[in-house]
Amino acid sequence: MTEEDPATAGSLAARQDGLEYFAALAAHQLGEAIALMRGAAAVLEQQTGGNLGTGGQEALRALHAGGDRAQRYVDDLLDVVRAAGALEDPATCDLDAPFDAAVADLQLFMDRVPVHLQREPLPRAAVAPRDAQRVFSHLLRAALSAGATRLGITGRVEGDDVIVELFDNGTPAREGTQPLEPFGRPRGRGPLVGAGVSLPLVRRLVERANGRIDMQVRDDGATIVTVELPAA
């Protein structure tokens, strides 16, 4: 694996620290707002016995949906905070299991689109299973948020490294937006975007496992995310 330029690494670290501070503060503030929102909805349902009329029921559903979406923001931000910690113990895992778990979490959405998934068996890598699942989950969410209807994943071992490539046909990141950078612009929009930190979070998790990540757009418009991890 190639080493990053010290000046670039220092700048990235400073932005990462800023993102982690923002994530911790925003998660706390949003958590309080969500609790108030859900509490108000519960009181309203109790006091009216559910007899709100058509307009009232629609407003209540919108309130619940807003709370669920805000909770996704909080979960993403807390993921950023958790990823800031150092690994306590080295861990390894077969990457197929965490990838399957990430797909299962998004299966309902993928079935509605629908999304065609093409995959190959993945090798074993020196990464914690939970971190691997979070990496795959956020990569899939980024692709689906960009409108992907076709996804593919391959994996191979090259020397001491595991190379995983995830490709999709969603809308590519806009030129100059640097979606892998802290505070970079997300690839897409919609509820799956969450707090818009999926790709910077993936980079943090991969680098914490002594790996690296890169994103490229092919001539045909497909986006390819390449993740390199130490082989187990």
Side-chain angles (χ1 to χ4, degrees), residues 15-88 98 100-115 128-148 170 179 181-205 208:
R15 293 196 301 275
Q16 186 68 47
D17 288 344
L19 177 60
E20 290 159 6
Y21 174 80
F22 164 78
L25 181 63
H28 175 71
Q29 298 294 337
L30 277 173
E32 291 185 346
I34 292 170
L36 289 172
M37 183 187 305
R38 289 179 169 168
V43 169
L44 183 61
E45 287 180 298
Q46 285 181 343
Q47 291 184 346
T48 62
N51 299 319
L52 295 172
T54 303
Q57 291 291 350
E58 290 179 356
L60 193 59
R61 282 193 293 270
L63 188 61
H64 284 304
D68 291 342
R69 183 165 184 177
Q71 186 62 54
R72 185 183 291 277
Y73 274 66
V74 171
D75 293 341
D76 283 358
L77 295 170
L78 290 176
D79 254 356
V80 172
V81 176
R82 295 186 191 104
L87 289 175
E88 296 181 0
D100 288 341
V103 170
D105 286 342
L106 295 167
Q107 194 65 61
L108 288 176
F109 181 89
M110 293 172 66
D111 288 343
R112 284 199 304 267
V113 171
V115 175
R130 177 58 181 159
D131 280 356
Q133 181 179 340
R134 289 156 72 191
V135 165
F136 289 134
S137 177
H138 283 285
L139 285 176
L140 290 171
R141 280 175 52 188
L144 295 172
S145 297
E181 299 286 339
F183 300 106
R185 180 169 181 165
R187 283 184 61 192
R189 296 182 176 182
L192 286 182
V193 173
V197 296
S198 282
L199 293 176
L201 174 57
V202 167
R203 180 173 183 169
R204 183 75 172 98
L205 291 168
R208 187 170 74 159

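For the single chain, residues carry numbers from 1 onward in sequence order.
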Enquirer: At their closest point, which heavy atom of Pro179 faces which heavy atom of Leu199, and how far apart are they?
Expert: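 Taking Pro179 first and Leu199 second, the nearest heavy atoms are O-CB, 3.3 Å.
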Enquirer: What closest approach, in Å, do Pro98 and Gln133 show between heavy atoms, and which atom pair accounts for it?
Expert: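 So the two residues come closest at CB-N, 3.5 Å.
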Enquirer: Could you state the interatomic distance from CG (Leu205) to CG (Leu139), rounded to the nearest 0.5 Å?
Expert: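 The distance works out to 9.5 Å.
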Enquirer: What is the minimum heavy-atom distance between His138 and Ser198, and which atoms define it?
Expert: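 Between these two residues, the closest heavy atoms are ND1-OG, 2.8 Å.
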Enquirer: Do you know the tightest heavy-atom contact between Val202 and Val135?
Expert: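 Shortest heavy-atom contact: CG2-O, 3.7 Å.
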Enquirer: Taking atom CG of Asp105 and atom CE of Met110, what is their separation to the nearest 0.5 Å?
Expert: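 Here the rounded value is 11.5 Å.
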Enquirer: Can you tell me how far the CZ atom of Arg141 sits from the CZ atom of Phe136, to the nearest 0.5 Å?
Expert: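 Separation between the atoms: 16.0 Å.
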Enquirer: Is there side-chain contact between Asp131 and Arg134, with at least one heavy-atom pair below 4.5 Å?
Expert: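 Yes; the side chains approach each other to less than 4.5 Å.
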